[in-house]
Amino acid sequence: MANKMNPELIKQAVTMLLEGIGEDPNREGLVETPDRIARMYEEICGGAYQDAAEVLEKRFKVDSNEIVLEKDINFYSMCEHHMLPFFGKVHIAYIPDGEVVGLSKLARTVEVYARRLQLQEQMTAQIADALMDNLQPKGVMVMCEAEHTCMTMRGVKKPGSKTVNIVTRGAFTEDEKLQNLFLNMLK
């Protein structure tokens with residue numbers, strides 16, 4: 001877990017940033033901006049202070065070992081390189097080994113990792129690892145599709161381009177048929 005968030009330091013940093021870009025932090029439209037930004041960061045980076053193990057704690061016994069798929073889980077995150085948003089969808093499949101979690105817990109797990117300064121590739125792996133570590137399923141496959149504003153609104157400026165990555169664990173790593181089943185289920 002990261003250190004505790006410090007809203008006062010965030011306010012000071014925003015004030016300095018405003019001054020650095022030539023703005024007057026005391027002008028009417030900007031007076032409350034440092035406070036607004038501090039509150040915003042508490043919300044969008046709050047996942048750094050959460051533990052996915054707590055989210056995945058409550059489980060239910062099941063007799064089946066059929067694939068569970070939750071697709072199109074919307075997320076918003078912040079690129080740790082440019083501190084600009086990236087957003088998209090996560091798709092999660094796992095094969096239970098006697099236990100499942102409520103479907104909302106999959107979306108909450110995505111939020112734990114999305115709500116922090118992040119890399120898409122790292123976030124996808126963290127979600128897969130959290131499920132493997134806490135549910136101990138037979139396998140997990142996670143796909144993340146995202147648009148990165150650090151690439152669409154600055155730099156190469158290619159709006160609409162998406163980055164897609166896939167992480168497999170357990171049975172999904174070893175079985176191409178399972179991987180193809182997952183991909184077909186997303187259609």
Smallest heavy-atom separation, Ile10 atom then Ala38 atom, equals CG2-CA, 3.6 Å
How long is the span from the CZ atom in Arg39 to the CD1 atom in Ile44, to the nearest 0.5 Å?
13.0 Å
Which value, rounded to the nearest 0.5 Å, describes the distance between Asp175 atom CG and Met141 atom CE?
10.5 Å
So which heavy atom on Thr152 is nearest to which on Gly160, and how close?
CG2-N, 4.1 Å
May I ask you to check whether Gln50 and Glu54 show a side-chain donor-acceptor distance below 3.5 Å?
no
Is there a donor-acceptor pair closer than 3.5 Å between any side-chain N or O of His91 and the backbone N or O of Met143?
no
What I'd like to find out is whether the side chain of Lys89 reaches to under 4.5 Å of the side chain of Lys71, using heavy atoms alone.
no
Got Cys150 and Cys79 here, is their nearest side-chain heavy-atom distance under 4.5 Å?
yes
Distance in Å, Asp51 CG paired with Asn134 CG, rounded so as to fall on 0.5 Å steps:
7.5 Å
Interatomic distance, Met123 atom CE to Asn165 atom CG [nearest 0.5 angstrom]:
7.5 Å
Ignoring hydrogens and geometry, is there a side-chain-to-backbone donor-acceptor pair from Asn184 to Asn180 under 3.5 Å?
yes
Provide the closest heavy-atom pair for Val62 versus Pro96 in the form atom of the first, atom of the second, distance.
CG2-CB, 4.2 Å
Please walk me through it: do Met78 and Arg116 pass side chain to side chain contact (heavy atoms under 4.5 Å, CB included)?
CA-CA 6 Å; Met78 295 287 282; Arg116 53 181 72 181; over 6 Å; no
Test item: Thr168 and Val142 side chains (from C-beta on) under 4.5 Å apart, heavy atoms:
no
Do the side-chain N and O atoms of His148 and Gln120 include a donor-acceptor pair separated by under 3.5 angstrom?
yes
Co-membership, hydrophobic cluster, residues Val68 and Val55, 4.5 Å side-chain
yes
Count I, L, V, M, F, W, Y as connected when their side-chain heavy atoms are under 4.5 Å apart, and connections chain through other members. Are Val164 and Leu69 then in the same cluster?
yes
I'd like to check His81 versus Leu119 (side-chain heavy atoms, cut-off strictly below 4.5 Å). Are they in contact?
yes
Counting only N and O atoms by type, is there a donor-acceptor contact under 3.5 Å from the side chain of Ser77 to the main-chain atoms of Ala114?
yes
How close do Ala93 and Ile67 get, heavy atom to heavy atom, and via which atoms?
CB-CG2, 4.0 Å
Take atom NZ in Lys162; do more than 12 heavy atoms of anything else shown fall under 6.0 Å from it?
no
Answer yes or no: is there a donor N or O on one side and an acceptor on the other, between the side chain of Arg59 and the main chain of Leu56, under 3.5 Å?
yes
Stepwise side chain to side chain contact (heavy atoms under 4.5 Å, CB included) check, Met83 with Tyr41:
CA-CA 11 Å; Met83 292 181 69; Tyr41 273 96; 3.7 Å; yes
Would a single hydrophobic cluster contain both Leu30 and Ile37, if residues Ile, Leu, Val, Met, Phe, Trp and Tyr are joined by side-chain heavy-atom contacts under 4.5 Å?
yes
Between Glu8 and Lys11, is there a salt bridge with N-O shorter than 4.0 Å?
yes
Check ring-ring contact (aromatic ring centres under 6.0 Å, His included) between Phe75 and all other residues, then give those that pass, not counting sequence neighbours.
Phe86
Taking atom CZ of Phe172 and atom CD of Glu174, what is their separation to the nearest 0.5 Å?
11.5 Å
Counting heavy atoms not belonging to Arg108, are there more than 12 under 6.0 Å from its CZ?
no
Within this structure, what is the CG-CD distance for the pair Leu17 and Gln12, rounded to the nearest 0.5 Å?
13.5 Å
Got more than 12 heavy atoms from elsewhere within 6.0 Å of CE, Met185?
yes
With a 4.5 Å cut-off on side-chain heavy atoms, are Leu178 and Ile95 touching?
yes
Quick check on Met5: does its CE atom have over 12 non-hydrogen neighbours (other residues, nucleotides or ligands) under 6.0 Å away?
yes
4.5 Å side-chain heavy-atom contact, Arg169 and Tyr94:
no
Using a 4.5 Å cut-off on heavy atoms from C-beta on, say whether the side chain of Ile127 contacts that of Val140.
no
Pick out which of Val31, Val14, Leu18 makes a side chain to side chain contact (heavy atoms under 4.5 Å, CB included) with Pro25.
Leu18
Pro7 and Glu42: which non-hydrogen atoms are nearest, and at how many Å?
CG-OE2, 3.8 Å
Got a donor-acceptor contact below 3.5 angstrom from the Thr124 side chain to the Cys144 backbone?
no
Within-4.5 Å side-chain heavy-atom neighbours: Leu106 and Val101:
yes
Do Ile92 and Val100 share a hydrophobic cluster (ILVMFWY, side-chain heavy atoms under 4.5 Å, transitive)?
yes
Looking only at side chains, do Gln126 and Gln118 share a donor and an acceptor under 3.5 Å apart?
yes
Please answer: with hydrophobic residues joined when any side-chain heavy atoms are less than 4.5 Å apart, are Leu186 and Val167 in the same cluster?
no
Between the side chains of Glu23 and Arg27, is the shortest nitrogen-to-carboxylate-oxygen separation below 4.0 Å, so that they form an ion pair?
yes
Under 3.5 Å donor-acceptor, Arg115 side chain and Glu111 backbone
no
Exercise: identify the closest heavy-atom pair between Glu147 and Ser161
CG-O, 3.6 Å
